[in-house]
Every structure is written in C-alpha cells, then in structure tokens.
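Heads up, the thing below is written out as structure tokens.
Just so it is clear: chains get the letters A, B, ... in the order the sequence lines come, proteins before strands, and each one is counted from 1. Only heavy atoms go into these numbers, but all of them, side chains included; no hydrogens, no water, no symmetry mates.
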Amino acid sequence: MKLATYNVNGINGRVDVLLRWLEEALPDLVCLQELKAPDEKFPRREIERAGYGAIWHGQKSWNGVAILARDQEPRETRRGLPGDPDDSHSRYIEAAIDGIVVGCLYLPNGNPAPAPKFDYKLRWFERPQAYAKELFELEVPVALVGDFNVMPKNLGV
DNA sequence: ATGGTTGCAAGGCAA
C-alpha cells in the first residue's frame, strides 16, 4: 500500500496539481492538510473523477484536512480529536480503509516562539499524544499521518 | 535590520 501526505496550502488553489500528482503517483491513500476551504467548497467531483473516494473536515480560510482512497470510500471513524469540545480548528480526521485506521493530522504551526501561539501548540500537542495511546491499545494497524509541524531534535538555532 | 512568498478573501492573518 502506498500512503502519502500532502500539505496542499489551499485545496482549490492546488487542485490541478493535486490531480496531476494523483494520476502520476497513484497513491492508495492520501492525507491532505491545509485545505483552507469550507466543507461545501471541497472539490469532491474532480477528485471522484480522478478515481478517489474522499472524506474531509473543512474550515473557512484556515486548516482543514481530508483523506482520499483510490477506488474506494474511506469509512470515517472520527473527526476532531477528543479532549477539547471548544476546539474549533479542523485539524484531524480519521478513517478505516482496508483494515487500517488512518489518522490525518495537521498540528498547529506555533510560530513565532516564544509567544501565545507556541503555548497553544504545546497544549494542543497533548491531545494527539493521549489519543495515540488509546489507538495503540486497540492493537489494530494504525497510521498517524500528516503535518506534525515538529522536528526530531532542537537544532539550537 | 529589512525584505523576502503564498492562499484565502477582501484586509490582514497564518504559515
């Protein structure tokens, strides 16, 4: 299985490139971030025509995530992470496809640091970590994919 | 120290 992730920075501004890439790369599963479009403006038809089923969690102007599956419909298992009912950002969507649970994540950028936005990022980070433990305990195949906005170590810059 | 880019959407924000 070929699983890909792509921060599109605007699904409608990038849809031609996305379709060309789907045709060339033929990924089985695609996690998209930064749709920057509300649900009703997701280019469902174009993506269907390219041979992909899709689920999406959009938002006007910012954020927004989607999962595409080649020749099938992703079965949505969750939208939004547990732990904060007031979270209005569309940053997580999850589906079951071919016996795998696929989580598509777009973690806050958090720049600049230090600043309130960075604090927000660190707080937000707690929920995917807690939820990942829940998923792990299910002992089913899971792929958590997306734009984590994180580096493996401090470069000291 | 400043200017440098892009997308959304209609001015400024987020990245």
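In terms of phosphate contacts, A/K117 brings a side-chain nitrogen or oxygen within less than 4.0 Å of OP1 or OP2 of B/dA15.
Of the two residues contacting DNA chain B, namely A/E34 and A/P38, the nearest-nucleotide position lying further toward the 5' end is that of A/P38.
Atom NZ in A/K60 sits about 13 Å away from atom C1' in B/dC13, given to the nearest Å. In this entry the distance linking OH of A/Y106 with P of B/dG7 reads 14 Å, nearest Å. Rounded to whole angstrom, the span from the CG atom of A/N111 across to the P atom of B/dT5 amounts to 19 Å. Distance CD1 (A/I11) to C1' (B/dA9): 17 Å, rounded to an integer number of Å. Atom NZ in A/K36 sits roughly 14 Å away from atom P in B/dC13 (whole-Å rounding). When the C1' atom of B/dC13 is taken as reference, atom CG of A/N109 falls 12 Å away, rounded to whole Å. The nearest whole Å value for the distance from the CG atom in A/D16 to the P atom in B/dG7 is 12 Å. Computed from coordinates, the A/N63 CG to B/dA9 P distance equals 12 Å when rounded to whole Å.
The C1' atoms of B/dA15 and B/dG4 are separated by 14 Å, rounded to the nearest whole Å. Atom C1' of B/dG7 sits at a distance of 24 Å from the matching atom of B/dT2, rounded to the whole Å. B/dT5 and B/dA9 have their P atoms separated by 22 Å, given to the nearest Å. Comparing the P positions of B/dA1 and B/dG12 gives an interatomic distance of 26 Å, to the nearest angstrom. Distance check on atom C1': B/dT6 versus B/dA10 gives 16 Å, rounded to whole Å.
Relative ring orientation between A/Y120 and A/H89 is described as tilted, the plane-to-plane angle lying within the 30° to 60° band.
Each of A/I100 and A/V30 belongs to its own hydrophobic cluster when Ile, Leu, Val, Met, Phe, Trp and Tyr are linked at side-chain heavy-atom distances under 4.5 angstrom.
The backbone N or O of A/G64 lies less than 3.5 Å from no partner atom in the side chain of A/W56, so there is not a single donor-acceptor pair.
Electrostatic pairing of A/R70 and A/D28 counts as a salt bridge here, judged by a charged N lying under 4.0 Å from a carboxylate O.
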- [ ] Verify salt bridge (charged side-chain N to carboxylate O under 4.0 Å, His left out) between A/R123 and A/D84, making sure each step is shown before the conclusion.
- [x] CA-CA 11 Å; A/R123 279 202 310 279; A/D84 182 4; over 6 Å; no
